[in-house]
Peer 1: 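Quick one: structure below, then a few questions.
Chain letters run A, B, ... following the sequence lines, proteins first, then strands; residues in each count from 1. Everything numeric here is computed off the predicted structure, so don't read it as measured data.
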Amino acid sequence: MPAPLSRKIGQKKQRLADSEQQQTPKERLLSTPGLRRSIYFSSPEDHSGRLGPEFFDQPAVTLARAFLGQVLVRRLADGTELRGRIVETEAYLGPEDEAAHSRGGRQTPRNRGMFMKPGTLYVYLIYGMYFCLNVSSQGAGACVLLRALEPLEGLETMRQLRNSLRKSTVGRSLKDRELCSGPSKLCQALAIDKSFDQRDLAQDDAVWLEHGPLESSSPAVVVAAARIGIGHAGEWTQKPLRFYVQGSPWVSVVDRVAEQMDQPQQTACSEGLLIVQK
DNA sequence: GGCCCGATGGGCT
DNA sequence: GCCCATCGGGCCA
C-alpha cells in the first residue's frame with residue numbers, strides 16, 4: 001500500500017535531517033563544542049575576512065557586481081562549513097523595477113526583507129518547491145539575487161543535500177557543475193530555506209560572506225546580460241541587470257549575444273582590480 | 001546541445 | 001483562481 005502523501009513529505013523531511021546528521025570523522029571533530037564556539041576569527045583561516053555591514057551598503061547594481069568573486073559560507077548545525085565563490089548575480093532595483101517583488105512599492109510580509117537594512121537576506125519560495133536567496137542592498141526595496149556559485153569546499157555534502165531533494169535519488173550522481181548553477185540549486189546545496197529569511201548576512205552565525213582570495217592569475221571580465229525568467233516585465237525584461245564572470249563554467253546561463261556586444265561597462269570583478277574597456 | 005512540460009504550494013488579486 | 005526571479009527528465013537533432 002502506498003504511503004499517504006503526508007507521510008511521504010515526512011520522509012522527505014527526515015531524509016533532509018539525516019543528510020545534515022551524516023558526518024565524516026573530520027566533521028565530527030569540527031562539531032565538538034570547543035571548536036564550534038565562535039565563528040568570528042576563531043582560527044587562522046578565518047582571518048581571510050568576513051565582510052561587514054558596510055560592504056552591503058551600496059546600490060543594487062554595484063553590490064551585484066561587488067558580490068562576484070566573494071565567497072559565500074554556510075556553516076551547518078554539525079559545524080561543517082560549505083564554501084562557494086559567487087559567479088552570477090542579478091540586481092533588482094526597487095519600486096520602479098517591474099520585475100522586482102517590490103515593484104510599485106509593494107511591501108508585504110513576504111518581501112519585508114527587501115526593505116530591511118542592506119545585508120538582510122530575502123528568501124522566498126518559488127514554484128512551490130524551490131527557494132531563492134536575495135540580499136538587500138542600499139535603496140528601499142532593492143536587492144541582489146544570488147544565482148550561481150563555484151563550489152569550493154564541502155562538495156560531497158552539497159551533493160548529498162542536492163540529491164536528497166531530487167526525485168530520482170537512485171539516478172546518476174550530480175556533476176560538480178550541477179551543484180550550484182542556479183538560484184534554487186545553490187539554496188539546496190547550502191541547505192538554505194525560508195528559515196534564513198530576514199537574517200543578517202553581516203552578523204549571522206550560520207551564513208556569511210568572505211573576501212574572495214585576491215586574483216593571482218588574470219582578472220575576470222564581468223558580462224552584463226538580461227535577467228532570467230522575467231518575461232512579463234516590459235522594458236525591464238531586457239535591461240542588463242544580470243552579471244556573471246565571463247568564461248566561468250559555474251554560471252547557470254551563458255548569454256553569447258551579450259558577450260559579443262560592445263559592453264563598455266564591463267569591468268573586472270573584485271573591487272576594480274582592472275577596468276576592461278572593450 | 002535545445003526545446004518542452006509537469007511538479008507544486010505560497011502569495012496575491 | 002492564477003501566477004511564479006526553477007528544475008529535471010524526456011525527447012529529438
Peer 1: Looking at A:K185, I'd like to know whether one of its side-chain N or O atoms comes within less than 4.0 Å of OP1 or OP2 on C:dG8.
Peer 2: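 So the side chain of A:K185 is within the cut-off, an N or O lying under 4.0 Å from OP1 or OP2 of C:dG8.
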
Peer 1: Can you sort out the partners of A:S248 under side chain to side chain contact (heavy atoms under 4.5 Å, CB included), two or more places apart, ordered by chain and number?
Peer 2: A:V87, A:V245, A:W250, A:V251

Peer 1: Got a sec? Which of residues 130-151 of chain A come in under 4.0 Å of DNA chain B, heavy atoms?
Peer 2: none

Peer 1: Is there a side-chain contact between A:S184 and the phosphate of C:dA5, meaning an N or O under 4.0 Å from OP1 or OP2?
Peer 2: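 So the side chain of A:S184 is outside the cut-off, no N or O lying under 4.0 Å from OP1 or OP2 of C:dA5.
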
Peer 1: C:dA5, C:dC7, B:dT8: which one has an atom nearest the side-chain heavy atoms of A:M129?
Peer 2: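 Of the candidates, B:dT8 comes closest.
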
Peer 1: Given atom CZ of A:R177 and atom P of C:dC7, what is their separation to the nearest angstrom?
Peer 2: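 One finds 15 Å between P of C:dC7 and CZ of A:R177, rounded.
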
Peer 1: Please report the distance, rounded to the nearest Å, between CD1 in A:I230 and C1' in C:dC3.
Peer 2: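 Spelled out: CD1 on A:I230 to C1' on C:dC3 is 15 Å.
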
Peer 1: In Å and rounded to the nearest 0.5 Å, what is the CZ to CZ distance from A:R227 to A:R147?
Peer 2: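 The CZ atom of A:R147 is 11.0 Å from CZ of A:R227, to the nearest 0.5 Å.
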
Peer 1: Without swapping roles, check the side chain of A:S181 against the backbone of A:S252 for a donor-acceptor pair under 3.5 Å.
Peer 2: no

Peer 1: With ILVMFWY side chains joined below 4.5 Å, transitively, what does A:I230's cluster contain besides itself?
Peer 2: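 Noted: A:I230 shares its cluster with A:Y92, A:L145.
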
Peer 1: Give the rounded distance in Å between these two atoms: CZ of A:R162 and P of C:dT6.
Peer 2: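 Atom-to-atom, A:R162 to C:dT6, this comes out as 14 Å.
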
Peer 1: Restricting both atoms to N or O, compile the protein contacts to nucleotides 10-13 of chain C shorter than 3.5 Å, with distance only.
Peer 2:
none

Peer 1: Going by the rule side chain to side chain contact (heavy atoms under 4.5 Å, CB included), which residues pair with A:S137 if we only count those two or more places apart in sequence or in a different chain?
Peer 2: A:A60, A:L63, A:A142

Peer 1: Measure the distance from CG on A:D255 to C1' on C:dA5 and round it to the nearest whole Å.
Peer 2: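 After rounding, the gap between these two atoms is 16 Å.
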
Peer 1: Please determine whether a side-chain nitrogen of the Lys or Arg among A:K239 and A:D97 lies less than 4.0 Å from a carboxylate oxygen of the Asp or Glu.
Peer 2: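 No, no charged N to carboxylate O under 4.0 Å.
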
Peer 1: Tell me, which of residues 110-127 of chain A have any heavy atom that sits under 4.0 Å from an atom in DNA chain B?
Peer 2: A:R110, A:L125, A:Y127

Peer 1: Could you check how far CG of A:L186 sits from C1' of C:dT6, rounded to whole Å?
Peer 2: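 My rounded result for the distance is 12 Å.
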
Peer 1: Please tabulate, one pair per line, all N/O donor-acceptor pairs under 3.5 Å involving side-chain atoms of residues 51-59 of chain A, not counting sequence neighbours.
Peer 2:
{"unit_1": "A:D57", "atom_1": "OD1", "unit_2": "A:Q138", "atom_2": "NE2", "d": "3.0"}
{"unit_1": "A:Q58", "atom_1": "NE2", "unit_2": "A:F55", "atom_2": "O", "d": "2.8"}

Peer 1: Looking only at side-chain N and O atoms, does A:E210 offer a donor or acceptor that is under 3.5 Å from a partner on A:Q70?
Peer 2: no

Peer 1: Could you report the tightest heavy-atom contact between A:V222 and A:F243, atom names first, then the distance?
Peer 2: CG1-CB, 4.0 Å

Peer 1: Return all side-chain donor-acceptor pairs below 3.5 angstrom for residues 189-202 of chain A, not counting sequence neighbours, or 'none' if the list is empty.
Peer 2:
{"unit_1": "A:D193", "atom_1": "OD1", "unit_2": "A:S195", "atom_2": "N", "d": "2.9"}
{"unit_1": "A:D193", "atom_1": "OD1", "unit_2": "A:S195", "atom_2": "OG", "d": "2.5"}
{"unit_1": "A:K194", "atom_1": "NZ", "unit_2": "A:V123", "atom_2": "O", "d": "3.2"}
{"unit_1": "A:D197", "atom_1": "OD1", "unit_2": "A:V123", "atom_2": "N", "d": "3.0"}
{"unit_1": "A:R199", "atom_1": "NE", "unit_2": "A:S195", "atom_2": "O", "d": "3.2"}
{"unit_1": "A:R199", "atom_1": "NH1", "unit_2": "A:D204", "atom_2": "OD1", "d": "3.4"}
{"unit_1": "A:R199", "atom_1": "NH1", "unit_2": "A:D204", "atom_2": "OD2", "d": "2.9"}
{"unit_1": "A:D200", "atom_1": "OD1", "unit_2": "A:A202", "atom_2": "N", "d": "2.9"}
{"unit_1": "A:D200", "atom_1": "OD2", "unit_2": "A:K117", "atom_2": "NZ", "d": "3.2"}

Peer 1: Among all residues two or more places apart in sequence or in another chain, which pass the side chain to side chain donor-acceptor pair (under 3.5 Å) test with A:E178?
Peer 2: A:R172

Peer 1: Please determine, for the side chain of A:R106, which listed nucleotide (B:dC12, C:dG8, B:dT13) has the closest atom?
Peer 2: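 Of the candidates, B:dT13 comes closest.
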
Peer 1: Give the rounded distance in Å between these two atoms: NZ of A:K194 and C1' of C:dA5.
Peer 2: 14 Å

Peer 1: Can you name the residues that form a side chain to side chain contact (heavy atoms under 4.5 Å, CB included) with A:A233, not counting sequence neighbours?
Peer 2: A:E98, A:A99, A:W236, A:T237

Peer 1: With a cut-off of 3.5 Å and sequence neighbours excluded, list every side-chain donor-acceptor pair involving residues 125-136 of chain A.
Peer 2:
{"unit_1": "A:N134", "atom_1": "ND2", "unit_2": "A:Y122", "atom_2": "O", "d": "3.1"}
{"unit_1": "A:S136", "atom_1": "OG", "unit_2": "A:M114", "atom_2": "O", "d": "3.4"}
{"unit_1": "A:S136", "atom_1": "OG", "unit_2": "A:M116", "atom_2": "O", "d": "2.9"}

Peer 1: How long is the line joining CD of A:E178 and C1' of C:dT6, in whole Å?
Peer 2: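 Atom CD in A:E178 sits about 15 Å away from atom C1' in C:dT6.
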
Peer 1: Return one dot-bracket line describing DNA chain C 5' to 3' (Watson-Crick or G-U wobble pairs, both distances under 3.5 Å; ( ) same strand, [ ] crossing, | another strand, . none).
Peer 2: ||||.|||||||.

Peer 1: Grab the NZ-C1' distance between A:K239 and C:dA5 for me, whole Å please.
Peer 2: 17 Å

Peer 1: Can A:R74 and A:E81 be counted as an ion pair, charged N to O under 4.0 angstrom?
Peer 2: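 A salt bridge is absent here (no side-chain N lies under 4.0 Å from a carboxylate O).
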
